[in-house]
Amino acid sequence: MQDDIIKGLNDQQREAVLHKDGPLMIVAGAGSGKTKVLTTRIAYLMGHHHIDAFNILALTFTNKAAAEMKERINKILGSGEARNLYIGTFHSVFAKILRAEAHHIGYPNSFTIYDTDDSRSVIKQVVKDLNLDDKLYKPNIVGSRISSAKNGLISPAEYLNDYHIMQEDARQNRPMTGKIYEMYAARCYKNGAMDFDDLLFKMHEVLVRFPQVLHKYQHKFKYVMVDEYQDTNATQYAIIKLLAAANENICVVGDDAQSIYSFRGATIENILQFQKDYDNVKVVKLERNYRSSGTIISVANEIINNNKGQIPKELWTEAPVGEKIKLVRVLSDNDEGHYVADAIKEQKLRNHYSNKDFAILYRTNAQSRAYEESLRRLSIAYKIYGGLSFYQRKEVKDFIAYLRVVINPNDDEALKRIVNYPVRGIGKTTLEKAATIANQRDMPLYNVLKAAASLGLKGATLESVQQFIQMIEYFQSMLAKSNAYDVAFQVGKHSGLVKELFNDKTQEGVARYENVQELLNSIKEFTETPANIEDGEVGDRGLATYIQDIALLTDADNDKEDADVVKLMTVHASKGLEFPCVFIGGMEETLFPSGMSINTREELEEERRLFYVAVTRAKEKLWLSYAQSRYRFGQLTANDASRFLMEIPSIYLDKTMSGGGARNHMGGGFGSSASTSAFERLHGGRGGGFDGPVRKKEPEKPAYIGPKPTPKVVEHQPSANFVPSDTSKLQIGMVVEHLKFGFGQVMNLEGAAHNPIATINFKSNGEKKIMLNYAKLRIVE
DNA sequence: GGGGAGCCGTTTTTT
DNA sequence: ACGGCTCCCC
């Protein structure tokens, strides 16, 4: 039975699967059955060589890839043994290990994971505290500098001592970046928080500094496998090298031609380094493609051959040549949308495709707008991938911030988010006072607030702070005996957060309320999923575990694959996926390749690899389109066709143009030898071809489709007898009139005496907090 | 507190 | 074009 599983493999695939011990590098071209080889190899190790699942580690970059691998191995083995495998993303696996080992480096095992927003916010604060110019030291710039340092295994101390790095920062007029890095790291440490990069960086630190820990995991992980190896950074490589050092049973799978994440620290160097570091590396190349038509494969090869310094390989297929690639010139971005939507409609009718057979790929997220409008117009169901994830929504983050504070009160970022939300009279002044003390004494904000009385706080403010602390402590007291949902429910109730959202009756408010309900549902679901044995560890259903889990989740992980919708996404997001029909839009200079990435050969080659990735997503049909002009940054700009189009021989192309609805087929009247590029045909021809019927286009502004957003505030016409009353006489229960919000009832009075705040439930605008010092109110009764 | 005006900066981003 | 942010006013 175990030996059956290798029957369906080709020679190279089988060679890779049969390789048992020692370093193995699989260079797997697009669509060459990479996942199949990985999963079969793991299954074979277990089934044939009787390697214990507990001794196998497989690292991926996405949760989705990890889940798919697990599922496929499970299917092959059919025994449920796969659940004992250690398969996960770099970040989730290392986070899990750090949960057990972080105390070695002075972190609490219940450390918080900072997402990019948290991390940027800490940097912003550090820049402010150092009195640096925040126009110069922008969080994103400084943040990515810090990130690349961590991904390159450079500590703050090493950073500050590195002549070249310091030179570079000085050259960019940001000499204090190293200092910021140092303070940022110290602050994260103080907060008991690790950012995404720390999950790698600290993992490495633990393994290097504590040999007994290293030995433990070297012994545990006798076989190590790495997916998407071309996307690993220096730190990731250093870790897997350490883990595999004892047994050298390390297998990496990757495709240098699909390396598209160098801006996140990934380095193809790791591929060369692998062969240098191990002198007995077995290299297997998977070049047979099982995904795409002959034409698509030919074009992909043509494109990538323009890059220098690739690992020599050439995809081939036994699939039929298939259709030519449609190259479409359109007038505008809107036109591009129309063309694509029309084409999808036509393909569905003529060739019985359904929505889910189509993907629209683009270089930048901003390009999705035109497609959306056109798809909606033709009532074609679609889904946009990417963009704001569920967990990044403000209301969801707010709720999670409460949970984070409960688990780790030292988490300043979470605390700042919620300490005065919903409003409870702990304002800016109080917080600034507390933050100053926190900085002076190098202690977490929470501890400062806890000692509020000694801060010199008095009266209503002191009471508010103490009530807040009491509330958090009440939640914390629940932790030991309650599951995640029960704690979360109490948090929602007692914090006033759920009520706050419930009272907001605007369209957006209702959506926010629903999102929080959905979050609660997901916590309930988490709680009710049995505490299964996973990855060799007993899972628990407490709040801490939940928080840890979701910190590393993205939207794509909750996605329903089978929905019958056209998928829209960036090329980056499309890696690893395949579709029968693919549209790649915006094939224009400065867009694809991006104008930001044409200054060095390295950058340009990465853009080309990106194009290669995009093309190889298609199984049957591929459309490439470029617009004469499009709106960018609110400006109509005209661009040349992408240089990448010139790299595709004409024989593979079927050229079409679209003029705002009327499409004209360009007959092949021009030289169509393989040496004639698309570019020459489209732009080199004297007078012919695309100068053809140009129809005057009325300046189009597509009619708004769908419901108009309801105005945020329902306007109120003040009564003729409106005279502002003395608001110091205001009492709970009174009915009042507000100039803008209309009539409402006073629900609550709070705030300090010098700054009273009334909560008023307005008839047409829901509940609002009104500062009585400013607002004009007429007491009605 | 929160709405409106005005200014800035806008590639990709698995975690 | 558009969203995010700060600053000002009620």
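Here is how names work: the chains are called A, B, and so on, in the same order as the sequence lines, proteins then strands, and each is numbered from 1. Hydrogens, waters and symmetry mates play no part in the numbers below; they use all other heavy atoms, side chains included.
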**Request:** Classify the angle between the aromatic ring planes of A/Phe196 and A/His91 as parallel (below 30°), tilted (30 to 60°) or perpendicular (above 60°).
**Result:** perpendicular
**Item:** Non-neighbouring partners of A/Ser594 that pass side chain to side chain donor-acceptor pair (under 3.5 Å), sequence neighbours left out
**Value:** none
**Prompt:** Are A/Arg424 and A/Phe468 in a cation-pi setup, meaning NZ or CZ lies under 6.0 angstrom from the ring centre and within 45 degrees of the ring axis?
**Reply:** no
**Fill in**
A/Asn420 CG to B/dG2 C1', in whole Å, measures 13 Å
**Item:** A/Glu413/A/Arg404 under salt bridge (charged side-chain N to carboxylate O under 4.0 Å, His left out): CA gap, chis, key distance, verdict
**Value:** CA-CA 9 Å; A/Glu413 287 312 305; A/Arg404 277 167 54 178; over 6 Å; no
**Message:** Return whichever of A/Ile426 or A/Lys575 has its heavy-atom-nearest nucleotide of DNA chain B closer to the 5' end.
**Reply:** A/Ile426
**Message:** Taking side chain to side chain contact (heavy atoms under 4.5 Å, CB included) as the definition, give me every residue that meets it alongside A/Ser147, ordered by chain and number, with sequence neighbours left out.
**Reply:** A/Asn151, A/Asp197
**Message:** Holding to salt bridge (Lys or Arg N to Asp or Glu O under 4.0 Å), I want the full list of residues that pass it with A/Arg417, two or more places apart in sequence or in another chain.
**Reply:** A/Asp398
**Message:** Rounded to whole Å, please give me the gap between CG in A/Leu59 and C1' in B/dT14.
**Reply:** 14 Å
**Between P of B/dT12 and CG of A/Asp231, the distance in whole Å** = 17 Å
**Item:** Spacing of A/Asp197 atom CG relative to B/dT13 atom P, expressed in whole Å
**Value:** 17 Å
**Message:** Of the listed nucleotides (B/dT14, C/dC5, B/dG1), which one gets closest to any side-chain atom of A/Lys124?
**Reply:** C/dC5
**Prompt:** Nearest nucleotide by nearest heavy atom, which residue falls closer to the 5' end of DNA chain B, A/Gly427 or A/Ser92?
**Reply:** A/Gly427
Distances under 3.5 Å between protein N/O atoms and the N/O atoms of nucleotides 7-11 of chain B, please, pair by pair.
{"residue": "B/dT11", "atom": "O2", "partner": "A/Arg363", "partner atom": "NH1", "Å": "2.9"}
{"residue": "B/dT11", "atom": "O2", "partner": "A/Arg363", "partner atom": "NH2", "Å": "3.0"}
{"residue": "B/dT11", "atom": "O2", "partner": "A/Ser594", "partner atom": "OG", "Å": "3.3"}

**Message:** Rounded to whole Å, please give me the gap between NZ in A/Lys394 and P in C/dG3.
**Reply:** 17 Å
**Message:** Can you confirm whether the side chains of A/Asn191 and A/Tyr114 place a donor and an acceptor under 3.5 Å from each other?
**Reply:** yes
**Request:** List in chain and number order the residues that pass side chain to side chain donor-acceptor pair (under 3.5 Å) with A/Glu372, two or more places apart in sequence or in another chain; answer none if no residue qualifies.
**Result:** A/Tyr382
**Asked** Under 4.0 Å between a side-chain N/O of A/Thr60 and OP1 or OP2 of B/dT14, yes or no?
**Response** no
**Prompt:** Can you tell me how far C1' of B/dG2 sits from CD of A/Glu500, to the nearest Å?
**Reply:** 12 Å
**Prompt:** Among residues 256-266 of chain A, which contact DNA chain B at a heavy-atom distance under 4.0 Å?
**Reply:** A/Tyr261, A/Phe263, A/Arg264
**Message:** When you measure from the centre of the six-membered ring of A/Tyr137, is the NZ or CZ of A/Lys124 closer than 6.0 Å and no more than 45° off the axis?
**Reply:** no
**Asked** Atom CG of A/Leu553 and atom P of B/dT13: how far apart are they, to the nearest Å?
**Response** 18 Å
**Request:** To the nearest Å, give me how far apart CG (A/Leu199) and C1' (B/dT14) are.
**Result:** 14 Å
